Number of protein chains: 2
Amino acid sequence: MQNEAEKTNKVKVEINNEEYIIKGPETVEHIQLVASYVDEKIKQLSKAHPNLNTYRIAVLTALNITNEMLKLKQEYEEFLSLVDGEVKG
Amino acid sequence: MQNEAEKTNKVKVEINNEEYIIKGPETVEHIQLVASYVDEKIKQLSKAHPNLNTYRIAVLTALNITNEMLKLKQEYEEFLSLVDGEVKG
(Lines give C-alpha, C1' and ligand atoms only; values in the text may rest on other atoms or scores of the structure.)
Protein backbone atom coordinates (compact mmCIF):
# COMPACT_ATOMS: atom_id res chain seq x y z
CA MET A 1 0.00 0.00 0.00
CA GLN A 2 1.29 3.39 -0.88
CA ASN A 3 2.40 5.52 2.01
CA GLU A 4 0.14 8.57 1.99
CA ALA A 5 2.91 10.74 3.42
CA GLU A 6 5.16 10.01 0.42
CA LYS A 7 2.52 10.53 -2.25
CA THR A 8 3.28 13.20 -4.84
CA ASN A 9 0.47 14.79 -6.80
CA LYS A 10 0.99 16.21 -10.28
CA VAL A 11 -1.52 18.83 -11.35
CA LYS A 12 -1.89 20.79 -14.58
CA VAL A 13 -2.92 24.37 -13.83
CA GLU A 14 -3.35 27.56 -15.86
CA ILE A 15 -1.89 30.85 -14.71
CA ASN A 16 -2.44 33.97 -16.78
CA ASN A 17 -3.40 31.78 -19.76
CA GLU A 18 -0.27 29.60 -19.64
CA GLU A 19 -0.03 26.01 -18.46
CA TYR A 20 2.13 24.79 -15.59
CA ILE A 21 2.61 21.28 -14.22
CA ILE A 22 2.83 21.49 -10.44
CA LYS A 23 4.15 18.57 -8.42
CA GLY A 24 3.97 18.30 -4.67
CA PRO A 25 2.88 16.33 -1.63
CA GLU A 26 -0.13 18.65 -1.21
CA THR A 27 -3.64 17.56 -2.21
CA VAL A 28 -4.89 18.27 -5.73
CA GLU A 29 -7.44 20.68 -4.22
CA HIS A 30 -4.75 22.60 -2.34
CA ILE A 31 -2.55 22.89 -5.45
CA GLN A 32 -5.54 24.15 -7.46
CA LEU A 33 -6.36 26.66 -4.72
CA VAL A 34 -2.75 27.96 -4.75
CA ALA A 35 -2.78 28.24 -8.54
CA SER A 36 -6.12 30.03 -8.74
CA TYR A 37 -4.95 32.48 -6.06
CA VAL A 38 -1.84 33.40 -8.07
CA ASP A 39 -3.80 33.47 -11.35
CA GLU A 40 -6.30 35.93 -9.88
CA LYS A 41 -3.62 38.18 -8.35
CA ILE A 42 -1.60 38.31 -11.60
CA LYS A 43 -4.70 39.15 -13.64
CA GLN A 44 -5.70 41.90 -11.18
CA LEU A 45 -2.25 43.50 -11.36
CA SER A 46 -2.08 43.19 -15.18
CA LYS A 47 -5.37 45.03 -15.41
CA ALA A 48 -4.23 47.74 -12.98
CA HIS A 49 -0.83 48.17 -14.73
CA PRO A 50 -1.33 47.45 -18.44
CA ASN A 51 2.04 49.04 -19.34
CA LEU A 52 4.16 46.75 -17.16
CA ASN A 53 5.68 43.66 -18.75
CA THR A 54 4.50 40.26 -17.55
CA TYR A 55 7.77 39.49 -15.74
CA ARG A 56 7.50 42.60 -13.57
CA ILE A 57 3.80 41.86 -12.99
CA ALA A 58 4.75 38.38 -11.72
CA VAL A 59 7.48 39.81 -9.46
CA LEU A 60 5.05 42.39 -8.03
CA THR A 61 2.53 39.60 -7.45
CA ALA A 62 5.18 37.65 -5.53
CA LEU A 63 5.95 40.80 -3.49
CA ASN A 64 2.29 41.37 -2.60
CA ILE A 65 1.78 37.76 -1.54
CA THR A 66 5.00 37.80 0.50
CA ASN A 67 3.82 40.97 2.23
CA GLU A 68 0.55 39.21 3.09
CA MET A 69 2.39 36.07 4.27
CA LEU A 70 4.89 37.92 6.48
CA LYS A 71 2.14 40.02 8.09
CA LEU A 72 0.14 36.87 8.80
CA LYS A 73 3.26 35.23 10.26
CA GLN A 74 3.87 38.21 12.56
CA GLU A 75 0.23 38.22 13.68
CA TYR A 76 0.35 34.46 14.35
CA GLU A 77 3.60 34.77 16.33
CA GLU A 78 2.21 37.66 18.40
CA PHE A 79 -0.91 35.62 19.11
CA LEU A 80 1.17 32.58 20.10
CA SER A 81 3.27 34.64 22.49
CA LEU A 82 0.08 36.11 24.00
CA VAL A 83 -1.39 32.64 24.53
CA ASP A 84 1.94 31.48 25.94
CA GLY A 85 1.87 34.45 28.35
CA GLU A 86 -1.67 33.53 29.46
CA VAL A 87 -0.64 29.95 30.21
CA LYS A 88 2.46 31.01 32.14
CA GLY A 89 0.89 34.08 33.84
CA MET B 1 1.57 66.67 12.57
CA GLN B 2 1.45 63.89 10.03
CA ASN B 3 -0.96 61.09 10.78
CA GLU B 4 1.17 57.95 11.14
CA ALA B 5 -1.67 55.80 9.83
CA GLU B 6 -1.70 57.67 6.53
CA LYS B 7 2.05 57.71 5.97
CA THR B 8 3.24 56.07 2.76
CA ASN B 9 6.81 54.88 2.44
CA LYS B 10 8.57 54.68 -0.91
CA VAL B 11 11.47 52.27 -1.06
CA LYS B 12 13.86 51.38 -3.89
CA VAL B 13 14.63 47.66 -3.84
CA GLU B 14 16.48 45.23 -6.10
CA ILE B 15 14.98 41.91 -7.12
CA ASN B 16 16.94 39.55 -9.32
CA ASN B 17 19.22 42.45 -10.31
CA GLU B 18 16.41 44.79 -11.37
CA GLU B 19 15.17 47.85 -9.51
CA TYR B 20 11.62 48.34 -8.25
CA ILE B 21 10.08 51.27 -6.40
CA ILE B 22 7.72 49.91 -3.75
CA LYS B 23 5.17 52.19 -2.10
CA GLY B 24 3.11 51.25 0.91
CA PRO B 25 2.00 52.06 4.44
CA GLU B 26 4.42 49.43 5.79
CA THR B 27 7.73 50.40 7.42
CA VAL B 28 10.85 50.70 5.28
CA GLU B 29 12.29 47.68 7.15
CA HIS B 30 9.23 45.56 6.39
CA ILE B 31 9.29 46.49 2.68
CA GLN B 32 13.00 45.61 2.53
CA LEU B 33 12.32 42.30 4.28
CA VAL B 34 9.57 41.45 1.76
CA ALA B 35 11.83 42.38 -1.17
CA SER B 36 14.82 40.39 0.07
CA TYR B 37 12.58 37.36 0.65
CA VAL B 38 11.33 37.45 -2.97
CA ASP B 39 14.83 38.19 -4.29
CA GLU B 40 16.24 35.15 -2.50
CA LYS B 41 13.43 32.82 -3.62
CA ILE B 42 13.71 33.92 -7.28
CA LYS B 43 17.48 33.45 -7.26
CA GLN B 44 17.14 29.97 -5.68
CA LEU B 45 14.62 28.87 -8.33
CA SER B 46 16.67 30.37 -11.19
CA LYS B 47 19.65 28.37 -10.01
CA ALA B 48 17.60 25.17 -9.71
CA HIS B 49 15.92 25.66 -13.14
CA PRO B 50 18.42 27.45 -15.41
CA ASN B 51 16.39 26.57 -18.53
CA LEU B 52 13.19 28.27 -17.43
CA ASN B 53 12.57 31.85 -18.55
CA THR B 54 12.45 34.56 -15.90
CA TYR B 55 8.69 35.06 -16.22
CA ARG B 56 7.96 31.42 -15.40
CA ILE B 57 10.52 31.55 -12.57
CA ALA B 58 8.67 34.55 -11.10
CA VAL B 59 5.30 32.78 -11.43
CA LEU B 60 6.69 29.64 -9.75
CA THR B 61 8.09 31.84 -6.97
CA ALA B 62 4.63 33.36 -6.47
CA LEU B 63 3.15 29.83 -6.38
CA ASN B 64 5.63 28.63 -3.75
CA ILE B 65 5.05 31.67 -1.53
CA THR B 66 1.27 31.33 -1.89
CA ASN B 67 1.55 27.67 -0.89
CA GLU B 68 3.50 28.71 2.21
CA MET B 69 0.99 31.52 3.00
CA LEU B 70 -2.12 29.33 2.62
CA LYS B 71 -0.62 26.56 4.78
CA LEU B 72 0.25 29.11 7.46
CA LYS B 73 -3.28 30.52 7.24
CA GLN B 74 -4.80 27.05 7.68
CA GLU B 75 -2.52 26.32 10.65
CA TYR B 76 -3.40 29.67 12.24
CA GLU B 77 -7.13 29.09 11.73
CA GLU B 78 -6.91 25.58 13.20
CA PHE B 79 -5.04 26.96 16.19
CA LEU B 80 -7.62 29.73 16.65
CA SER B 81 -10.48 27.24 16.59
CA LEU B 82 -8.64 25.05 19.12
CA VAL B 83 -8.14 28.01 21.45
CA ASP B 84 -11.77 29.00 20.92
CA GLY B 85 -12.78 25.44 21.87
CA GLU B 86 -10.68 25.62 25.05
CA VAL B 87 -12.33 28.87 26.09
CA LYS B 88 -15.85 27.55 25.41
CA GLY B 89 -15.21 24.03 26.70
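Protein chains get the first letters and strands the later ones, always in sequence-line order, with residue 1 at the start of each. Here the structure is a predicted model, which means the values were calculated and not measured.
Across all non-hydrogen atoms, the minimal contact from A:Met69 to B:Ile65 is CE-CG2, 4.2 Å. Taking every heavy atom of both residues into account, B:Ile15 and B:Ala35 meet most closely at CG1-O, 3.9 Å.
Using a 4.5 Å cut-off between heavy atoms, B:Ile31 makes no contact with chain A at all. With a 4.5 angstrom heavy-atom cutoff, A:Ile57 does not touch chain B via any of its atoms.
Considering only heavy atoms from C-beta on, B:Val11 stays 4.5 Å or farther from B:Ile21 through its side chain. Between B:Val38 and B:Val13 the shortest side-chain heavy-atom distance does not fall below 4.5 Å.
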Table up the donor-acceptor pairs between chain B and chain A that sit under 3.5 Å, atom names plus distance.
unit_1  : atom_1 : unit_2  : atom_2 : d
B:Asn16 : ND2    : A:Tyr55 : OH     : 3.4
B:Glu18 : OE1    : A:Arg56 : NH1    : 3.0
B:Glu19 : O      : A:Arg56 : NH1    : 3.4
B:Glu19 : O      : A:Arg56 : NH2    : 2.6
B:Glu26 : OE2    : A:Asn67 : ND2    : 3.1
B:Glu26 : OE2    : A:Lys71 : NZ     : 2.7
B:His30 : NE2    : A:Asn67 : OD1    : 2.7
B:Tyr55 : OH     : A:Asn16 : ND2    : 3.4
B:Arg56 : NH1    : A:Glu18 : OE1    : 3.0
B:Arg56 : NH1    : A:Glu19 : O      : 3.4
B:Arg56 : NH2    : A:Glu19 : O      : 2.6
B:Asn67 : OD1    : A:His30 : NE2    : 2.7
B:Asn67 : ND2    : A:Glu26 : OE2    : 3.1
B:Lys71 : NZ     : A:Glu26 : OE2    : 2.6
B:Glu75 : OE2    : A:Tyr76 : OH     : 2.9
B:Tyr76 : OH     : A:Glu75 : OE2    : 2.9

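Each of B:Val34, B:Leu60, B:Leu70 has some count of heavy-atom pairs under 4.5 Å with chain A, and the biggest count is that of B:Val34.
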